[in-house]
There are 2 protein chains.
Amino acid sequence: MDMPIRTTDEVNLDRLDTALGFLMRLAQLKIYERFFEEVGDHNLKPGEFSVLWVLLHNPGIRQSVLGQRLMIKRAHMTKLIRSLEDQGLVSRRIPDDDRRAVEITLTPAAVTMVEQAGDWFFTYEDSVGENLSAAERRQLTALLRKFVGLG
Amino acid sequence: MDMPIRTTDEVNLDRLDTALGFLMRLAQLKIYERFFEEVGDHNLKPGEFSVLWVLLHNPGIRQSVLGQRLMIKRAHMTKLIRSLEDQGLVSRRIPDDDRRAVEITLTPAAVTMVEQAGDWFFTYEDSVGENLSAAERRQLTALLRKFVGLG
DNA sequence: CAAAATTTGTTTACAAAGAAACAATCTCCA
DNA sequence: TGGAGATTGTTTCTTTGTAAACAAATTTTG
């Protein structure tokens with residue numbers, strides 16, 4: 001009873017083990033872990049890929065809109081975009097109708113690269129829910145989409 | 001068609017909007033946002049609360065076991081525990097049978113505090129899934145538990 | 001129209017978290 | 001027994017992301 005805990009599975013989490021915030025954090029750590037196992041060599045980080053993917057499908061999108069959609073803060077977006085620009089993957093353009101804004105576009109080389117990266121990214125994504133059945137995985141996705149207000 | 005995107009809901013995410021990693025990140029950001037709205041005044045961060053909660057239910061647990069269960073890396077755990085110690089919330093003890101290890105216990109003052117914090121934390125947790133029905137919320141929790149290998 | 005308020009992106013300073021190297025201790029086995 | 005290897009926690013350094021202050025451009029409003 002009063003024996004000090006020695007092993008992980010003896011730990012009593014009490015109600016914490018049904019707290020959404022806690023479960024979500026564990027889930028995300030697991031996903032990140034697998035991401036670097038499976039695709040770490042392609043030297044693209046998850047955040048970078050999501051930015052590039054959205055740029056592939058929304059050429060000329062404004063930095064602010066991109067950030068709002070991906071929930072990336074302005075200060076951080078500035079660094080991300082500069083890094084991608086330094087790698088020659090994106091170009092920036094100040095539009096005439098609002099000279100505060102910046103429009104971002106993939107370079108031609110990046111278009112090919114991102115299409116290819118999409119192949120292994122979504123292959124990896126499909127493999128992430130392996131301990132769930134296909135139906136459970138669909139259900140989880142649908143619930144998460146509703147939870148975050150997408151769809 | 002080729003009109004540049006101007007507003008958030010025009011953005012085309014393509015398959016990204018069903019990627020578990022992406023949805024999970026959005027979900028966690030939403031949860032954190034709400035955490036600081038609702039309970040930010042209690043100057044406890046989510047990570048700190050989870051550590052204190054587990055200590056409440058597992059007095060004298062070893063730092064390594066605590067870290068493994070909560071998926072907190074050793075280096076980070078050291079800082080967390082020291083911070084809690086500086087706030088007078090936990091005490092550290094080197095057990096005789098393994099002088100590398102550290103056993104952590106809540107101070108008496110902290111016990112009361114954490115029990116109280118649990119009240120508002122789990123109230124907040126219940127309110128987090130507001131745009132889901134009770135059944136959907138249970139389902140989401142169960143799927144996440146299976147996904148991360150709990151239960 | 002002109003002043004005030006807002007939006008957009010950048011900079012600077014900082015906090016959270018991880019990686020790698022390290023020291024101390026313990027375990028295992030020849 | 002004693003030495004090789006593993007475990008535990010700490011330190012140091014780096015990365016990732018946020019907060020706050022700022023400058024420039026735009027919008028609002030009196």
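Because the structure is a prediction, the values reported are computed rather than measured. We name chains A, B, ... by the order of the sequence lines, and we start the count at 1 in each one.
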Inset, instruction - May I ask you to evaluate whether A:Arg99 reaches the phosphate of D:dA25, defined as a side-chain N or O under 4.0 Å from OP1 or OP2? - result: yes
Inset, instruction - Considering just the side-chain nitrogens and oxygens of A:Arg82, establish if one lies under 4.0 Å of OP1 or OP2 belonging to C:dT11. - result: yes
Legend entry - Atom pair distance, as rounded to whole Å: CD in B:Gln68 and P in D:dT7: 10 Å
Legend entry - 5′-ward residue of the pair A:Leu29/A:Glu103 relative to DNA chain C: A:Glu103
Inset, instruction - For A:Asp97 and for A:Leu80, locate the closest nucleotide of DNA chain D by heavy-atom distance; then report the residue assigned to the nucleotide nearer the 5' terminus. - result: A:Leu80
Legend entry - Proximity to the side chain of B:Lys45 - top-ranked nucleotide from C:dA16, D:dG9, D:dC13: C:dA16
Legend entry - Heavy-atom donor-acceptor pair, B:Lys79 side-chain to D:dG9 base, under 3.5 Å: no
Inset, instruction - Any pair with a residue in residues 66-76 of chain B that passes side-chain hydrogen bond (donor to acceptor under 3.5 Å, both in side chains), sequence neighbours left out, goes on the list, sorted by first then second residue, please. - result: A:Thr8-B:Gln68
Inset, instruction - For C:dG9, take OP1 and OP2 only and decide whether either is under 4.0 Å from a side-chain N or O of A:Ser64. - result: yes
Inset, instruction - Report the residue (A:Pro95 or B:Val102) whose heavy-atom-nearest nucleotide on DNA chain D is the more 5′ of the two. - result: B:Val102
Legend entry - Under-3.5 Å donor-acceptor pair between A:Arg74 side chain and C:dG9 base: yes
Legend entry - A:Arg25 side chain near C:dA16 phosphate (N/O to OP1/OP2, under 4.0 Å): no
Inset, instruction - Select base, sugar-phosphate, or nothing to describe what A:Ala101 touches, counting heavy atoms under 4.0 Å on all strands. - result: sugar-phosphate
Inset, instruction - Count the heavy atoms of every other residue, nucleotide or ligand shown that sit under 6.0 Å from CD of A:Gln87, and state whether that count exceeds 12. - result: yes
Inset, instruction - Measure from the side-chain heavy atoms of A:His76 and tell me the nearest of D:dT18, C:dG9, D:dT7. - result: D:dT18
